[in-house]
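This report concerns only the one structure given below.
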Amino acid sequence: MIKITLPDGAVREYEAGVSALDIAKSISEGLARKVLAAEINGQVWDATRPITEDASLKLLTWNEDGGKNTFWHSSAHLMAEAVEDMFPGAKFWVGPALEKQPGFYYDIDLGGRQVTEEDLSKLEKKMTELAKQNNSYIRKAMPKAEAIEYFTGKGDEYKLDLLSGLNDGEITFYTQGNFTDLCRGPHIPSTGPIKAIKLTNIAGAYWKNDSNNKMLTRIYGVTFPSQKELDEYLTLLEEAKKRDHRKLGKELGIFTMDDDVGPGLPLWMPNGTIIIEELEKLAKETETKGGYKRVVTPHIAKESMYLTSGHLPYYQDSMYPPMELDGTKYYLKAMNCPHHHKIFSAEHRSYKELPLRLAEYGTCYRYEQSGELFGLMRVRCLHMNDAHIYCTREQFADEFRAVNDMYIKYFRIFGIEKYVMRLSLHEPSKLGQKYINEPELWLETEEMVRQVLKESNIPYIEVPDEGAFYGPKIDVQIWSTIGREFTLATNQVDFAQGRRFGLEFTNKDNAPEVPLIIHRAPLGTHERFIGFLLEHYAGKFPAWLAPVQVKVLPISDKFLPYANSILESLKNADIRGEVDDRNEKIGKKIRDTELMKVPYMLVVGEKEMNDGSASIRRQGKGDLGSKSVDEFIKELTAEIKERRGE
RNA sequence: GCCACUUUAGCUCAGCUGGUAGAGCAACUGAUUUGUAAUCAGUAGGUCGUUGGUUCGAUUCCGACAAGUGGCUCCA
């Protein structure tokens with residue numbers, strides 16, 4: 001007999017070899033029907049796999065992530081079975097559940113054949129048919145030699161490659177119906193629970209995520225235990241598309257792209273420009289308070305500067321090709337750092353001047369690969385909320401903390417809660433190649449950064465081998481409404497460029513010393529930040545950011561003069577207002593203004609004209625009642641000044 | 001850059017198997033002077049992304065290019 005500890009602490013005894021599914025049955029049949037997998041001693045297992053020793057057990061159903069992931073991974077196998085049926089000889093790489101969203105994919109080598117949209121519906125049908133057979137997923141351990149023989153016979157170089165990374169004794173096969181795959185598992189007990197199936201798209205994906213490798217066909221899909229849940233999920237996706245920044249950006253007149261200007265080069269329309277200017281105002285206020293000094297630098301520089309900085313060899317591919325004048329090459333700047341360093345070195349610096357903080361909303365150009373461009377989130381012309389802080393080692397931690405505090409201040413203003421701070425570290429084996437060869441400095445600065453994060457109580461993850469070549473960095477990761485991940489802002493340590501540029505200051509002992517540099521961009525770039533804000537607010541910007549803050553809606557032409565007089569008062573109070581002077585009914589004016597997501601509407605007619613008031617309507621919230629225009633302006637002015645979120 | 005798909009009026013989209021195009025909204029004109037999410041009528045709008053080819057004839061079929069979309073690689 002073995003002892004099984006349940007999550008509530010209860011201990012039950014079973015025969016050795018009992019499965020989680022058996023245990024579930026012993027509790028209740030209803031529970032057993034819902035079990036998809038089980039956590040045995042913290043590891044997710046097949047619910048049908050025999051347990052031979054004392055263990056803690058947690059049953060996993062659709063309600064647990066472990067259950068869902070097992071469900072989706074098993075669905076990938078089901079899809080593979082259908083694919084093999086439709087494309088005999090197809091070779092399979094891996095088919096995991098997606099990490100950040102519902103669903104799964106399988107990477108497949110179809111031997112040059114193509115999958116069409118119609119094929120997807122055929123595959124869906126086939127999968128549904130196979131799922132109904134309710135075939136069990138059967139696990140089988142196999143010696144490595146036998147596995148190699150099996151796949152050599154099949155001529156499957158992909159599975160042989162997978163096998164080469166596995167040790168004898170940990171190799172398992174899973175079979176359901178007519179499909180057998182090398183797989184670590186776990187799987188759900190059988191295909192029956194997979195009731196609703198949708199293959200969402202076909203894509204190419206490099207084998208092992210390496211662009212030098214062959215491209216495999218990746219089929220994405222999502223499955224649910226019921227049609228209802230699938231429908232709900234699909235509706236959710238439709239809803240998400242409505243707040244896609246590309247759609248909102250067009251509807252709200254924020255930006256536009258034009259073929260003749262070029263891909264990835266957004267044109268900021270008047271409404272977008274207002275948001276840009278408000279963000280810059282916020283940044284300037286904040287940075288001035290933080291002791292930053294503003295600078296302005298040219299958009300181009302000679303090749304020699306990028307050779308000095310070391311950027312050219314690393315970065316050339318993502319820079320616009322140079323323009324050549326009198327035998328000298330000039331590049332459009334892809335980053336502002338070297339220009340700022342030149343300002344640092346323009347004067348002799350004393351330790352008394354440090355920390356020196358140079359800030360600029362710098363315009364950069366990056367020749368991103370065409371396939372990488374994405375609305376405002378990934379562009380070729382970007383305006384970066386950039387600054388470089390030159391400081392001593394002693395000052396570093398305080399400076400880094402201050403920058404971190406600035407991030408938090410901003411995120412509070414914008415109500416940004418859903419993000420992950422990512423601490424990107426170096427990889428010791430790549431010192432001298434991908435990373436500057438300063439092992440102690442790496443460890444020292446990484447630890448300083450880690451301390452700052454710990455003290456600020458911000459949740460963060462550490463990622464090895466993601467640092468910049470000149471030092472560790474903290475990135476703020478966010479997700480676009482369609483689920484794509486982006487770095488919104490970045491805060492980087494740099495102990496390399498100072499030396500490359502020969503930057504120095506005279507320290508207390510009258511000796512030259514190289515400053516540490518912090519690169520930081522808490523508001524990222526205008527492009528990505530506004531793209532993010534559009535989705536974050538679903539276009540409903542708070543009053544301080546709204547391109548039009550107040551729309552005055554006269555009931556009829558008779559009240560146009562009164563409406564215009566209110567507009568004058570708004571202008572005098574620095575409030576961005578407009579009058580809807582169209583010959584339309586009030587219902588139509590309200591509808592159009594609501595759709596343009598203008599925060600405040602002032603409806604004015606006979607009554608309001610007589611007592612100098614306005615009927616206030618808040619976007620999305622309806623009629624708020626009447627108020628004197630003066631009082632409204634006073635309140636709105638405060639709301640704007642404080643940059644209130646609601 | 002790679003794989004796949006898409007491109008029709010300012011916008012959102014129809015247009016079966018090849019015979020040079022339609023709707024709604026927006027715009028413009030007129031009527032209406034309106035009280036909290038769409039007043040009515042009329043007018044105007046497109047060498048069907050560009051460019052080769054097949055064909056008596058191409059928006060429709062094929063190719064190239066461009067831009068966009070979904071991914072991969074990459075990234076603020």
Side-chain angles (χ1 to χ4, degrees), chain A residues 105 107 110 114-117 120 200-220 241 244 246-247 250-251 256-264 315 317-318 334-336 362 364 366-379 382-386 466 473 475-478 482-492 519-529 531-532 553-560 583-595 601-608 615-620 622-625:
Chain A
Y105 67 80
D107 283 349
L110 294 169
Q114 280 190 4
V115 190
T116 63
E117 301 278 333
L120 284 191
T200 45
N201 61 61
I202 315 160
Y206 295 112
W207 183 41
K208 295 187 180 181
N209 291 341
D210 184 335
S211 56
N212 297 314
N213 284 343
K214 183 174 181 177
M215 184 156 268
L216 304 177
T217 303
R218 176 174 292 183
I219 305 179
Y220 283 88
K241 276 192 191 149
D244 188 314
R246 292 165 297 184
K247 182 171 156 64
K250 182 179 271 178
E251 287 168 1
T256 186
M257 301 276 194
D258 188 283
D259 273 10
D260 281 333
V261 177
Y315 232 92
D317 285 350
S318 41
M335 67 291 295
N336 304 301
C364 300
R366 297 184 178 177
Y367 195 77
E368 305 287 4
Q369 296 182 58
S370 57
E372 295 165 349
L373 300 174
F374 175 65
L376 285 177
M377 299 301 221
R378 194 74 183 277
V379 294
L382 39 127
H383 298 82
M384 202 184 297
N385 171 227
D386 213 353
E466 285 284 333
K473 59 177 183 173
D475 290 326
V476 180
Q477 300 302 109
I478 51 104
I482 58 168
R484 213 181 281 188
E485 180 175 352
F486 287 98
T487 300
L488 185 65
T490 185
N491 188 6
Q492 312 177 348
H519 304 239
R520 40 112 283 177
L523 298 176
T525 63
H526 281 322
E527 286 71 18
R528 191 170 288 179
F529 204 78
F532 168 78
L553 309 178
I555 298 284
S556 81
D557 288 356
K558 281 191 281 186
F559 313 106
L560 209 44
N583 181 359
E584 292 288 351
K585 292 172 91 168
I586 192 67
K588 168 80 164 169
K589 292 182 182 180
I590 286 172
R591 180 181 154 81
D592 288 348
T593 315
E594 286 278 350
L595 290 175
M601 283 154 266
L602 301 185
V603 179
V604 293
E606 182 90 43
K607 189 164 77 68
E608 289 79 9
S615 169
I616 318 290
R617 190 184 162 97
R618 177 80 228 231
Q619 201 278 340
D623 193 351
L624 300 183

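Nothing here was measured: the structure is a model prediction, and the numbers come from that model. Every chain is numbered from 1 and lettered A, B, ... according to where its sequence line falls, protein lines coming before strand lines.
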Where does B/G52 land, syn or anti, once you apply the within-90°-of-0 test for syn?
anti
Of the nucleotides B/U39, B/G35, B/U36, which has the atom closest to the A/K585 side chain?
B/U39
Using the C1' atom in both, what is the distance from B/U8 to B/G22, to the nearest Å?
10 Å
Protein-nucleotide distance (A/E466, atom CD; B/C74, atom C1'), rounded to Å:
11 Å
Please list each protein N or O that sits under 3.5 Å from an N or O in nucleotides 24-27 of chain B, with the distance.
{"from": "B/A26", "atom 1": "OP1", "to": "A/K588", "atom 2": "NZ", "distance (Å)": "2.6"}

Integer angstrom distance from the C1' of B/A76 to that of B/U59:
41 Å
Base, sugar-phosphate or nothing for A/K473? Non-hydrogen atoms, less than 4.0 Å.
sugar-phosphate
B/U73 phosphate, OP1 or OP2: any side-chain N/O from A/N209 under 4.0 angstrom?
yes
So, does A/R246 get its side chain near the phosphate of B/U69, meaning an N or O under 4.0 Å from OP1 or OP2?
yes
Please classify the nucleic acid contact of A/L488 as base, sugar-phosphate, or nothing, using heavy-atom distances under 4.0 Å.
sugar-phosphate
Ignoring hydrogens and angles, tell me if any N or O in the side chain of A/R218 forms a donor-acceptor pair with the backbone of A/A203 under 3.5 Å.
no
If we call it a pair only when both distances are under 3.5 Å in a Watson-Crick or G-U wobble match, what pairs with B/C13?
B/G22
Could you list, one pair per line, each protein nitrogen or oxygen that sits under 3.5 Å from a nitrogen or oxygen of nucleotides 4-8 of chain B, together with the distance?
{"from": "B/A4", "atom 1": "OP1", "to": "A/Q114", "atom 2": "NE2", "distance (Å)": "2.6"}

Rounding to an integer number of Å, can you tell me how far A/E606 CD sits from B/G35 P?
12 Å
Any side-chain N or O of A/S370 under 4.0 Å from OP1/OP2 of B/G1?
yes
Expressed in whole Å, how much space separates the C1' atoms belonging to B/G70 and B/A27?
34 Å
Quick check: any donor-acceptor pair below 3.5 Å linking the side-chain of A/E608 to the base of B/G35?
yes
Report yes if at least one side-chain N or O of A/K558 is closer than 4.0 Å to OP1 or OP2 of B/U34; otherwise report no.
yes
Select from A/G524 and A/R617 the residue whose nearest nucleotide in RNA chain B is closer to the 5' end of that strand.
A/R617
Spell out, as yes or no, whether a donor-acceptor pair under 3.5 Å connects the side chain of A/D475 to the backbone of A/Q477.
no
Which part of the nucleic acid, if any, lies within contact of A/M215, taking any heavy atom under 4.0 Å across all strands shown: a base, the sugar-phosphate backbone alone, or nothing?
base
Does A/R246 pair with A/D244 as a salt bridge, N-O distance under 4.0 Å?
yes
Distance-only donor-acceptor test (3.5 Å): side chain A/T525, base B/A76:
yes
Quick one: A/L373 CG to B/A66 P, roughly how many Å, whole number?
13 Å
Separation of atom CG in A/D259 from atom P in B/U51, rounded to whole Å
14 Å
Heavy-atom nearest pair, A/K247 first then A/K241, reads CD-O, 3.7 Å
Checking N1-N3 plus N6-O4 or O6-N4 for Watson-Crick, or N1-O2 and O6-N3 for wobble, each under 3.5 Å, the partner of B/C40 is B/G30
Can you tell whether the side chains of A/R617 and A/E594 come within less than 4.0 Å, N to carboxylate O?
yes
Test your reading of the model: is there a side-chain donor-acceptor pair from A/E527 to the backbone of A/R378, 3.5 Å cut-off?
no
I'd like the C1' distance from B/C25 over to B/C61, given in whole Å.
34 Å
By the 4.0 Å heavy-atom rule, please label A/S556 as base, sugar-phosphate, or nothing.
base
Reckon A/K250 has a side-chain N or O less than 4.0 Å from the OP1 or OP2 of B/G10?
no
Determine the contact category for A/G587: base if any of its heavy atoms lies under 4.0 Å from a base atom, sugar-phosphate if only primed atoms, P, OP1 or OP2 are that close, otherwise nothing.
sugar-phosphate
Run A/T487 and A/R528 through side-chain contact (heavy atoms from CB on, under 4.5 Å) and show every step you take.
CA-CA 9 Å; A/T487 300; A/R528 191 170 288 179; 4.1 Å; yes
Is the shortest heavy-atom distance from the side chain of A/T490 to the side chain of A/H519 under 4.5 Å?
no
Reckon A/Y220 touches a base, only the sugar-phosphate, or nothing at all at heavy-atom distances under 4.0 Å?
sugar-phosphate
Below 30° counts as parallel, above 60° as perpendicular, anything between as tilted: where do the rings of A/F486 and A/F374 land?
parallel
Between A/L595 (CG) and B/C11 (P), how many Å, whole number?
18 Å
Has the side chain of A/R520 got a donor or acceptor that lies under 3.5 Å from a partner of the other kind on the base of B/A76?
no
What distance, rounded to whole Å, do you find between the two P atoms, one in B/C56 and one in B/A66?
32 Å
For A/R366 and A/V604, find the nucleotide of RNA chain B closest to each by heavy atoms; which residue's nucleotide sits nearer the 5' end?
A/V604
Same-atom distance (P) from B/U17 to B/U6, integer angstrom:
14 Å
Taking the C1' atom in each of B/A64 and B/A44, what is the distance between them to the nearest angstrom?
37 Å
Output the rounded distance in Å from CZ (A/R378) to C1' (B/U69).
16 Å
Rounding to the closest angstrom, what is the interatomic distance between B/C48 and B/A4 at atom C1'?
24 Å
Quick one: the side chain of A/E594 and the base of B/A38, do they pair up donor-acceptor inside 3.5 Å?
no
Just call it for A/I586: base, sugar-phosphate, or nothing, with non-hydrogen atoms closer than 4.0 Å on any strand.
sugar-phosphate
Nucleotide nearest A/P263 (side chain, heavy atoms from C-beta), chosen from B/U36, B/G68, B/A37:
B/G68
Output yes when a side-chain donor or acceptor of A/K214 lies under 3.5 Å from a complementary backbone atom of A/W207, and no otherwise.
no
Which part of the nucleic acid, if any, lies within reach of A/D623 when heavy atoms closer than 4.0 Å are counted: base, sugar-phosphate only, or nothing?
base
Do A/Y367 side-chain and B/G1 base share a donor-acceptor contact under 3.5 Å?
no
Atom pair distance, as rounded to whole Å: CD in A/E368 and P in B/U73
15 Å
Could you check how far CD1 of A/I590 sits from P of B/U36, rounded to whole Å?
7 Å
